[in-house]
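Here the structure is laid out as structure tokens; the discussion comes afterwards.
Quick caveat: nothing in here was measured; it's all calculated off a predicted structure.
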Amino acid sequence: MRLTASSIREGAWFVAQCLEIDVASQGASLEEALANLKEALELHLEDRPAPEPLPSPIIAHVDVSAS
């Protein structure tokens, strides 16, 4: 199953969140945060039926002006 992760840096930590399933994790590096997210997702799905496949979200930047 391929899922999509969104990652941000919060202070000294990287936070990774799955966009299709409400699961998140963190790590000291982006690689660690993604590895921790993978583990958290596998544990989350361990005793549950696989969810219906969702279409991959479209991620895009939006530039706005603030006055």
Side-chain angles (χ1 to χ4, degrees):
M1 176 184 302
R2 175 172 273 187
L3 298 169
T4 309
S6 170
S7 302
I8 60 171
R9 186 170 191 149
E10 289 187 359
W13 294 97
F14 287 86
V15 177
Q17 179 175 10
C18 178
L19 299 180
E20 292 89 356
I21 300 173
D22 190 22
V23 173
S25 195
Q26 66 183 16
S29 67
L30 177 58
E31 294 77 15
E32 183 180 352
L34 291 171
N36 290 342
L37 178 61
K38 179 182 178 188
E39 181 180 359
L41 285 164
E42 288 171 346
L43 290 170
H44 178 80
L45 296 170
E46 196 171 73
D47 295 327
R48 299 168 195 211
E52 289 292 319
L54 297 174
S56 294
I58 298 171
I59 307 295
H61 292 280
V62 178
D63 296 319
V64 297
S65 322
S67 354

Task: Backbone N/O of Glu42 and side chain of Glu46: donor-acceptor pair under 3.5 Å - done: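 Here the side-chain-to-backbone pair does not exist.
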Open item on the list: Between Asn36 and Gln26 (side chain of the first, backbone of the second, donor and acceptor by atom type, cut-off under 3.5 Å), is there such a pair?
Closed with: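 Yes, Asn36 side chain to Gln26 backbone: donor-acceptor pair under 3.5 Å.
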TODO: Answer yes if Leu3 and Ile59 sit in the same cluster of Ile, Leu, Val, Met, Phe, Trp and Tyr residues linked by side chain heavy atoms under 4.5 Å apart, and no otherwise.
DONE: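 Unlinked, Leu3 and Ile59 end up in two clusters.
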TODO: Treating Ile, Leu, Val, Met, Phe, Trp and Tyr as nodes and any side-chain heavy-atom pair under 4.5 angstrom as an edge, say whether Leu43 and Leu45 lie in one connected cluster.
DONE: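 The answer is no; the residues belong to distinct hydrophobic clusters.
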Can you tell me how far [atom2] of [Y] sits from [atom1] of [X], rounded to the nearest 0.5 angstrom?
{"X": "Thr4", "Y": "Ile21", "atom1": "OG1", "atom2": "CD1", "answer": "10.5 Å"}
{"X": "Phe14", "Y": "Ser25", "atom1": "CZ", "atom2": "OG", "answer": "13.5 Å"}
{"X": "Met1", "Y": "Glu20", "atom1": "CE", "atom2": "CD", "answer": "9.5 Å"}
{"X": "Leu19", "Y": "Ser6", "atom1": "CG", "atom2": "OG", "answer": "5.5 Å"}
{"X": "Gln17", "Y": "Asp22", "atom1": "CD", "atom2": "CG", "answer": "6.0 Å"}

Task: Residue pair Ala24 / Leu37: nearest heavy atoms and the distance that separates them - done: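 Scanning both residues, the minimum pair turns out to be CA-CD1, 3.9 Å.
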TODO: Identify the heavy atoms of Ala33 and Gly27 that sit nearest to each other, and give their distance.
DONE: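 Smallest heavy-atom distance, with atoms named: CB-N, 3.6 Å.
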